[in-house]
Participant: 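Dropping the structure in here first, questions after.
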2 protein chains.
Amino acid sequence: MAPRPNLSDIARAIGVSSATVSNALSGKGRVSAQLSRQIAEKARELGYVPSLAGRALSTGRSHVLGLVLADIGHPLFPQFAQAIEQAATKAGYGVLIGDSRGDVKTQTAAIDQLIERGADGIILVPRHGTRIAEINCPVAVIDTPSTPGNTVSADHWQGGRLIGAHLRNLGHTHLAIIGLHQDSNVQADRIGGIRTGFGREGSVRTLWIDALEADAGPGCELGLAELVREGYTAFAAVSDIHALRAVSELQRSGLSVPAHVTVTGFDDLHWARSISPALTTVRMNMETIARLAVADLLLQIEPDRTTPPEDETAPPQAVPMELIVRSSSASPHGNLIPSQDNNNNSDPDTLPSREGTNNA
Amino acid sequence: MAPRPNLSDIARAIGVSSATVSNALSGKGRVSAQLSRQIAEKARELGYVPSLAGRALSTGRSHVLGLVLADIGHPLFPQFAQAIEQAATKAGYGVLIGDSRGDVKTQTAAIDQLIERGADGIILVPRHGTRIAEINCPVAVIDTPSTPGNTVSADHWQGGRLIGAHLRNLGHTHLAIIGLHQDSNVQADRIGGIRTGFGREGSVRTLWIDALEADAGPGCELGLAELVREGYTAFAAVSDIHALRAVSELQRSGLSVPAHVTVTGFDDLHWARSISPALTTVRMNMETIARLAVADLLLQIEPDRTTPPEDETAPPQAVPMELIVRSSSASPHGNLIPSQDNNNNSDPDTLPSREGTNNA
DNA sequence: CTGAAAGCGCTTACAG
DNA sequence: CTGAAAGCGCTTACAG
């Protein structure tokens, strides 16, 4: 590993000042085209790689963003990380990760650490029930529109409405919603949306998994078969994970999905399409969310950044979710709806985008 | 956002040199205890946060590690990221992420970018079939022991043996292995291990999903029911994802798991315990792998780092995997084995560790 | 169009 | 025990 060449090495090799090399390489256009070319050439020849530490020190910008999540272990993390990484890279930023491991104190520590490392801004996906401490650094919060301080996020309530309406349209009248925590804003919005979309006719009730588990231990039965006996034909989980658990439990009880009951999820996790029956669910447009979050941060970091005039209005806080109808949902009368898996390719970029791109 | 105070601000406020402040704060012990205390006090008072950019520039160490994965979207990524983040944080390093999106060229670009950003070392989880280009920077590769250049990884072969032996011990004689790519070293090792563990009696065959999908399109039937008719009672997938798919397909065909057939997975993904039947699988000790990878990197980065003498031997390249027996596996004669979910708590730190800790 | 100089915030020999 | 000085690699007014 030879010591990396620096600006002065190039300057010396050509016989110009390092200021000129810097100007040439950064393309500010104050250097004659010919010299510029010569410098670029020599830089390539020497294998010059600019040192970001030097640049960061002189400009006061690290061009690094911090990504802090409540729980890196969450299965949705890949979608977040991938989208944020992509949006940040496109904007010329790197992504430093922090894990709050569900703990508010750890979350604060993680944030402090990222600031110390020079992050120019922080994207925070907070844990449910967390109050965001004051942060001496630009922050973009991805939570849910109803959370104060939320910057941008999926419209979980609208996603819930899609699910609720879908189930109602199939003809269900008895709906059981499966949630995990009562103190999650995201889940509260999803559930509120589901109830709204489903309407007031019939019967709707909500099961809280953590309450059940507090009594009966982890992995316990949710008692879904009993609900089916009471007439419930539709089960809407606030996460694909819980939907999977519901499907499992129902099938174990000898009930068939979707012949006897319908199950829906939330989030369109990686495997949702490959189980059988494939899971009807709703999915965030992570690409858009990430792009808006990064754009918001850049606006805070570089106030002089030119914003396209049509974006003068506040950016949309709530990015619509998309319903993905798969075979786990059917009418309660047994007639399967056509299985229109409109998400049959694995390339997220080809997902239909629901809004104008607010590109930075 | 007031401008952050720096060393000189502290020095000026107290009336000493910034060299002294630096020495005091870094605890090198060249400053009188009293002055040290005074400086620390003032630093706290001013809310001083050291600038890593400055330190990085003068020391030539960024204290940042780059994590490059073949596919950030992979459901195993959370386990990797969490473990690496934790190990790095413990060693005083931050983690910058890079996504190669499955593409070798992108992978190289991602690595270059991380180097440019000053990463002191890189942890690389390469895509199957990738030859690692020369990297002008310390690298630790996490792949599989049989891959040349591998630094540390789970012992996928041994994990396979656990699965194979488990199935054999249950009394199965006809085993179908379900793989995805033929060019994945990891999968090759897993499959080799499964075959070895299962032994040479009876019949073993391997199904390649991507080959099937090349013919019949994504999400197609794997034809498992047909195999059952031919006498196959055990299905070992090289990933929980495929196991899930297998379970789904078998159940759809009216076959019951584990009453009629046994299915096993690999990796113990997040949901493996919550489906029904809960999935018998094998899991990496990510914490150990991450710790060893980081330790290896630190050894390259800081050659003078004092290593405990008992670690003088090369660190174990292959970290044993652990079999997690759940209800998806049973003897072919229908007698369920006791469902000993030895992974019933959600705290990964309490997983039994199979080896001495080689802490850095 | 090009260069000399100062500075970003820290650390590190080297003197005192 | 403490400080003056130089330097890490870059950028940025400011002169020429």
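Just so it is clear: chains get the letters A, B, ... in the order the sequence lines come, proteins before strands, and each one is counted from 1.
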Participant: I need the CD1-P distance between A:Ile10 and D:dG9, as an integer number of Å.
Facilitator: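 Rounded to the whole Å, the gap is 12 Å.
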Participant: Among residues at least two apart in sequence or on other chains, which ones pass side-chain contact (heavy atoms from CB on, under 4.5 Å) with B:Ala154?
Facilitator: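 B:His156, B:Met284, B:Ile289, B:Met321.
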Participant: Which residues pass the side-chain contact (heavy atoms from CB on, under 4.5 Å) test with A:Leu96, sequence neighbours left out?
Facilitator: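 If we apply the side-chain contact (heavy atoms from CB on, under 4.5 Å) test to A:Leu96, skipping adjacent residues, the hits are A:Val64, A:Leu114, A:Arg117, B:Val64, B:Leu96.
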Participant: Looking at B:Ser32, I'd like to know whether one of its side-chain N or O atoms comes within less than 4.0 Å of OP1 or OP2 on D:dT2.
Facilitator: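 Checking B:Ser32 against D:dT2: at least one side-chain N or O falls below 4.0 Å of OP1 or OP2.
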Participant: Which listed nucleotide (D:dT2, D:dT11, C:dT11) is nearest to the side chain of B:Ser22?
Facilitator: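 Looking only at side-chain atoms, B:Ser22 lies closest to C:dT11.
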Participant: With side-chain contact (heavy atoms from CB on, under 4.5 Å) as the test, pick out the partner of A:Leu124 among A:Val139, A:Thr151, A:Asp143.
Facilitator: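 For A:Leu124, the side-chain contact (heavy atoms from CB on, under 4.5 Å) test succeeds with only one of A:Val139, A:Thr151, A:Asp143, which is A:Val139.
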Participant: Could you check how far NE2 of A:His63 sits from P of D:dC10, rounded to whole Å?
Facilitator: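 Whole-Å distance recorded here is 15 Å.
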Participant: How many whole angstroms separate atom CG of A:Asn23 from atom P of C:dC1?
Facilitator: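 The distance from CG of A:Asn23 to P of C:dC1 comes to 11 Å, rounded to the nearest Å.
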Participant: What pairs meet the side-chain hydrogen bond (donor to acceptor under 3.5 Å, both in side chains) rule with one or both residues in residues 39-53 of chain B, with sequence neighbours excluded?
Facilitator: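 Found B:Lys42-B:Glu45.
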Participant: Could you state the atom-to-atom distance from CD of A:Gln38 to C1' of C:dT2 in whole Å?
Facilitator: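 Distance, rounded to whole Å: 13 Å.
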Participant: Calculate the interatomic distance between B:Gln34 atom CD and D:dC1 atom P; express it in whole Å.
Facilitator: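 The distance from CD of B:Gln34 to P of D:dC1 comes to 13 Å, rounded to the nearest Å.
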Participant: Taking side-chain hydrogen bond (donor to acceptor under 3.5 Å, both in side chains) as the definition, give me every residue that meets it alongside B:Thr144, ordered by chain and number, with sequence neighbours left out.
Facilitator: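 Checked B:Thr144 against side-chain hydrogen bond (donor to acceptor under 3.5 Å, both in side chains); matches are B:Asp189.
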Participant: List the residues meeting side-chain hydrogen bond (donor to acceptor under 3.5 Å, both in side chains) with B:Asn6, not counting sequence neighbours, and say none if there are none.
Facilitator: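 Per chain and number, B:Asn6 pairs via side-chain hydrogen bond (donor to acceptor under 3.5 Å, both in side chains) with no residue.
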Participant: Applying salt bridge (charged side-chain N to carboxylate O under 4.0 Å, His left out), name anything that partners A:Asp9, two or more places apart in sequence or on another chain.
Facilitator: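 Here the qualifying residues are A:Arg12.
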Participant: Which residues pass the side-chain contact (heavy atoms from CB on, under 4.5 Å) test with A:Arg55, not counting sequence neighbours?
Facilitator: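 For A:Arg55, the residues satisfying side-chain contact (heavy atoms from CB on, under 4.5 Å) (neighbours in sequence not counted) are A:Pro50, A:Leu52, A:Thr59.
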Participant: Residues from residues 48-57 of chain B sitting under 4.0 Å of DNA chain D, heavy atoms only?
Facilitator: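 Here the set is B:Leu57.
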Participant: I'd like a list of close polar pairs between nucleotides 5-7 of chain D and the protein, N/O only, cut-off under 3.5 Å.
Facilitator:
none

Participant: Measure from the side-chain heavy atoms of B:Thr20 and tell me the nearest of C:dG3, D:dT2, C:dT12.
Facilitator: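 Taking heavy atoms from C-beta onward, the closest nucleotide is D:dT2.
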Participant: Output the rounded distance in Å from CZ (A:Arg12) to C1' (D:dC10).
Facilitator: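 It is 15 Å, rounded to the nearest whole Å.
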Participant: Could you state the atom-to-atom distance from CD1 of B:Ile39 to C1' of D:dT2 in whole Å?
Facilitator: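 For the pair B:Ile39 CD1 and D:dT2 C1', the rounded distance is 10 Å.
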Participant: What residue among B:Val141, B:Asp296, B:Val294, B:Val152 forms side-chain contact (heavy atoms from CB on, under 4.5 Å) with B:Ile123?
Facilitator: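 So, applying the side-chain contact (heavy atoms from CB on, under 4.5 Å) to B:Ile123 and each of B:Val141, B:Asp296, B:Val294, B:Val152, only B:Val294 qualifies.
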Participant: Please identify each residue that fulfils side-chain hydrogen bond (donor to acceptor under 3.5 Å, both in side chains) with B:Thr89, with sequence neighbours left out.
Facilitator: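 Only B:Glu85 meet the side-chain hydrogen bond (donor to acceptor under 3.5 Å, both in side chains) criterion with B:Thr89.
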Participant: If pairs are Watson-Crick or G-U with both distances under 3.5 Å, what is the dot-bracket string of DNA chain C, marking crossing pairs with [ ] and pairs to another strand with |?
Facilitator: |||.||||||||.|||
Participant: Looking at residues at least two apart in the chain, or sitting in another chain, which of them share a side-chain contact (heavy atoms from CB on, under 4.5 Å) with A:Val125?
Facilitator: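 Applying side-chain contact (heavy atoms from CB on, under 4.5 Å) to A:Val125 gives A:Leu69, A:Phe80, A:Ile142.
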Participant: Give the rounded distance in Å between these two atoms: CG of B:Leu35 and P of D:dT2.
Facilitator: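 The distance from CG of B:Leu35 to P of D:dT2 comes to 5 Å, rounded to the nearest Å.
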